[in-house]
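What follows is one structure encoded as structure tokens, with my remarks underneath.
In this chain, numbering begins with 1 at the start of the sequence shown.
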Amino acid sequence: MSARPSTEYHRAALKAAFRKLVRKIGGQEAAAGATRVGQQAISRYGSASSEADHAPIDVVLDLCLDAEDDSFVRTLCQMVGGVFVPLPDAGALDGDRAAAFGKALRATGEASAAIADVCALGAGSSSDIQFSEKLTRATEAMIALRAHVSPSTPNCEMGE
């Protein structure tokens with residue numbers, strides 16, 4: 001059997017993210033009410049002293065949905081070398097689609113310009129965190145832009 005690819009640090013970070021989610025939902029009792037498990041299980045899943053007990057994914061899903069909080073998912077995505085990009089609110093697509101498309105396109109351009117500014121400062125500068133944040137915003141803007149692109153989008157020719 002090979003060693004586990006996750007580290008103690010990863011597992012401790014997951015427990016910390018779980019505790020944060022439980023606090024956001026209103027505590028262990030509220031968390032138990034939103035899931036299929038009881039308060040004692042919620043306590044174990046967040047406890048550093050219960051190293052082997054982690055929340056099942058359906059319990060995490062219930063808590064994320066009930067709390068309307070994606071921080072746990074963001075933490076997990078970072079651990080596997082990715083990033084979580086939420087889809088835009090479906091309600092945001094109502095109304096003037098051309099104006100919404102323009103707004104999303106402008107946000108993408110602004111984020112791209114900000115990234116270019118950070119890159120001009122050079123690698124290894126104190127701008128590395130800024131670069132990461134701006135790249136995340138650019139990615140989110142691109143996803144929002146994608147939500148507005150359809151064959152019915154006015155004044156926009158889209159290729160296959």
Which heavy atom of [X] sits nearest to which heavy atom of [Y], and what is that distance?
X: F72; Y: V60; result: CD2-CG1, 3.4 Å
X: R19; Y: G46; result: NH1-O, 2.6 Å
X: A32; Y: G38; result: CB-C, 3.7 Å

For the side chain to side chain contact (heavy atoms under 4.5 Å, CB included) test, which of D70, L76, T75 pairs with F84?
-> D70
Scan side-chain atoms only and decide if Q28 and Q39 contain a donor-acceptor pair under the 3.5 Å cut-off.
-> yes
E29 and I42: side-chain contact (heavy atoms from CB on, under 4.5 Å), yes or no, with the steps?
-> CA-CA 8 Å; E29 210 171 297; I42 297 291; over 6 Å; no
Any sub-3.5 Å donor-acceptor pair from T35's side-chain atoms to A31's backbone N or O?
-> yes
Between [X] and [Y], is any pair of side-chain heavy atoms under 4.5 Å apart?
X: D69; Y: I25; value: no
X: P56; Y: Y45; value: yes
X: V22; Y: F18; value: yes

At what distance, to the nearest 0.5 angstrom, does SG of C64 lie from CG of L21?
-> 5.0 Å
Out of curiosity, S47 OG to H54 NE2, how far, rounded to the nearest 0.5 Å?
-> 10.5 Å
Is there a path of hydrophobic side-chain contacts, each under 4.5 Å between heavy atoms of I, L, V, M, F, W or Y residues, that connects V73 with L63?
-> no
Begin from the C-alpha positions of D58 and R36 and carry the test salt bridge (charged side-chain N to carboxylate O under 4.0 Å, His left out) through to its verdict.
-> CA-CA 9 Å; D58 67 308; R36 65 175 173 79; 2.6 Å; yes
Run through R11, R44, K15 and flag the one making a salt bridge (charged side-chain N to carboxylate O under 4.0 Å, His left out) with D53.
-> R44
